[in-house]
2 protein chains.
Amino acid sequence: MSGTPNDDRRTRRRQATLTEIVDAAWEIVREHGLAGLSMRDLGERVGMRGQSIYSYFASKNEIYDAMFCQGYEAFIEWVDDRSSAEGSSEDPTMAAKLMAHTFIDFCTSDPVRYQLLFQRTIPGFEPSPESYAVAVQGYEQARQQLIRFGVNDQATFDLWTAMLTGLSDQQISNDPGGDRWERLVDRAVEMLLADAATHLHQESEQA
Amino acid sequence: MSGTPNDDRRTRRRQATLTEIVDAAWEIVREHGLAGLSMRDLGERVGMRGQSIYSYFASKNEIYDAMFCQGYEAFIEWVDDRSSAEGSSEDPTMAAKLMAHTFIDFCTSDPVRYQLLFQRTIPGFEPSPESYAVAVQGYEQARQQLIRFGVNDQATFDLWTAMLTGLSDQQISNDPGGDRWERLVDRAVEMLLADAATHLHQESEQA
DNA sequence: GTCTATAATCTGATAGAC
DNA sequence: GTCTATCAGATTATAGAC
């Protein structure tokens with residue numbers, strides 16, 4: 001009863017509408033903030049009534065969840081694309097700086113996405129297990145990258161995430177569109193690398 | 001026509017109600033998030049109808065503004081109380097660590113306040129000039145403190161704020177109630193001090 | 001799958017009696 | 001200064017026709 005050409009067409013069409021809705025949700029949220037997403041606006045933007053969205057998503061939180069998932073997929077792709085270029089670099093310091101810029105560019109290029117992925121700001125929202133798994137995958141990818149630069153224990157990694165999210169956060173909050181904190185990234189990486197060298201754990205946690 | 005004992009009593013009573021309302025607003029916001037503040041809830045908590053609040057505040061944003069102002073006053077007092085104790089310390093490294101803990105304790109002890117003071121998360125809200133002046137005063141106080149530790153140029157100060165807000169933010173977002181990032185503070189300060197020493201600007205910006 | 005209709009509730013804010 | 005009454009909407013979500 002399944003697998004007919006007609007079913008194929010139908011699911012493809014449905015999938016297209018799903019991504020169309022999520023894309024429209026990102027647009028709204030970039031204009032009116034994370035909390036400013038409403039089903040009516042969303043329906044209007046995608047060419048249907050707000051109530052019809054419920055044929056695709058059971059609730060508003062399910063839309064946030066799809067955005068959360070898509071955001072982390074974008075993160076993984078963003079880092080993948082740029083780390084292959086870094087891999088060809090000989091200088092590990094240079095590679096670490098590139099990685100840091102890659103992360104901060106991702107954050108500052110879309111502040112609302114940063115807010116959804118890396119901060120807890122929507123009161124009722126908890127990511128589904130499936131979306132959370134994607135988030136963990138992104139986190140692990142970043143951790144594996146840093147291990148290459150000698151960041152092989154949890155404490156040092158936590159210090160790096162604090163520094164990099166701190167730079168992103170200040171850049172977004174206090175100098176949107178500028179580079180007041182972004183231009184401190186190279187200096188921050190040099191500082192972190194020097195620190196990591198003095199706190200080296202000999203037992204690497206690599207596989 | 002003014003200055004009679006009756007006027008005195010009246011303004012004192014009014015002032016008491018004003019702070020009572022702001023205190024109740026903090027309670028609500030700690031329970032339901034920054035965006036979860038409503039005039040009806042606020043009125044109920046303070047013992048009047050929601051509409052009566054408008055006798056004290058012209059709009060909801062004026063309440064956010066009062067909270068913003070009060071939050072920065074609390075920050076100034078918090079730092080003042082603890083920096084006098086630090087002043088008696090001989091070791092500048094120790095003093096810097098105490099200052100960093102003071103800042104991060106302030107942030108993590110009240111996440112919603114941190115959100116209101118240091119992040120831009122309420123869509124329509126802009127602090128009034130009066131409240132903004134208090135914020136600038138708090139910022140300047142922190143800057144003057146760091147100058148004592150050799151952080152005498154803007155770039156180095158920006159790096160410190162990024163590190164300290166980054167640690168606060170990670171602590172709040174990813175380990176609420178714990179100390180996973182808080183326990184990295186001493187190490188972070190040592191790292192920042194070593195960095196500041198190598199980037200010393202001879203022309204101090206002190207008065 | 002999309003519609004209309006609507007439930008049920010919340011929102012900030014104003015007018016005017018007392 | 002607090003109340004009642006009310007405006008003028010907004011919100012998420014469901015039921016049922018087509």
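On a predicted model such as this, the values are computed, not experimentally measured, just so you know. Every chain is numbered from 1, with letters handed out A, B, ... down the list of sequences.
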Worksheet item: How would you list, by chain and number, every residue that makes a ring-ring contact (aromatic ring centres under 6.0 Å, His included) with F106(A), sequence neighbours excluded?
Response: F75(A), W78(A)

Item to complete: Identify the two heavy atoms, one from A66(B) and one from F57(B), that lie closest to each other, and give their separation to 0.1 Å.
Response: CB-CE2, 4.0 Å

Discussion item. What is the separation between atom NZ on K60(B) and atom P on dC10(C), rounded to the nearest whole Å?
Written reply: 14 Å

Fill in: salt_bridge(R82(B), E77(B)) N-O dist < 4.0 Å
no

Worksheet item: How would you label the contact of L37(A) with the nucleic acid (heavy atoms, under 4.0 Å): base, sugar-phosphate, or nothing?
Response: sugar-phosphate

Worksheet item: Is E27(A) paired with R30(A) through a side-chain N to carboxylate O contact shorter than 4.0 Å?
Response: no

Item to complete: Kindly say if R49(A) contacts the phosphate of dT4(C), meaning a side-chain N or O under 4.0 Å from OP1 or OP2.
Response: yes

Practice prompt. Looking only at side-chain atoms of Y54(A), point me to the closest of dG1(C), dT6(D), dT12(D).
Written response: dT12(D)

Worksheet item: Which one, dT6(C), dA5(D), dG12(C), comes nearest to the side chain of S38(B)?
Response: dG12(C)

Worksheet item: Does dC3(D) have OP1 or OP2 sitting under 4.0 Å from an N or O in the side chain of S52(B)?
Response: yes

Worksheet, complete the sentence: Picking from dA13(C), dT6(C), dT2(C), the nucleotide nearest the side-chain atoms of Q51(A) would be dT6(C)

Discussion item. The side chain of S55(A) is closest to which nucleotide in this list: dA5(C), dC3(C), dG1(C)?
Written reply: dG1(C)

Exercise answer: donor-acceptor pairs, residues 67-74 of chain A side-chain atoms, under 3.5 Å, sequence neighbours excluded:
unit_1: Q70(A); atom_1: OE1; unit_2: W26(A); atom_2: NE1; d: 2.8
unit_1: Y72(A); atom_1: OH; unit_2: L117(A); atom_2: O; d: 3.0

Worksheet item: Between R10(B) (CZ) and dG1(D) (P), how many Å, whole number?
Response: 8 Å

Worksheet item: Whole-Å distance between dT2(C) P and E44(A) CD?
Response: 16 Å

Worksheet item: Rounded to the Å, how far apart are H32(A) NE2 and dT11(D) P?
Response: 10 Å

Worksheet entry | Atom-pair distance (CD1 on I63(B); P on dG12(C)), nearest Å | 9 Å

Practice prompt. Let me know the distance between CZ of F57(B) and P of dG12(C), rounded to the nearest Å.
Written response: 15 Å

Response to the item:
Side-chain contact check for M39(B): nearest option of dC3(D), dG12(C), dG1(D) is dG12(C)

Discussion item. In whole Å, I'd like the distance from the CZ atom of R40(B) to the P atom of dT14(C).
Written reply: 14 Å

Practice prompt. Figure out the CD1/C1' separation between I28(B) and dC10(C), and round it to whole Å.
Written response: 15 Å

Practice prompt. Mind checking R13(A) for me? I need base, sugar-phosphate or nothing, with any heavy atom below 4.0 Å counting as a touch.
Written response: nothing

Worksheet item: With a 4.0 Å cut-off on heavy atoms, is S59(A) in touch with a base, just the backbone sugar-phosphate, or nothing at all?
Response: sugar-phosphate

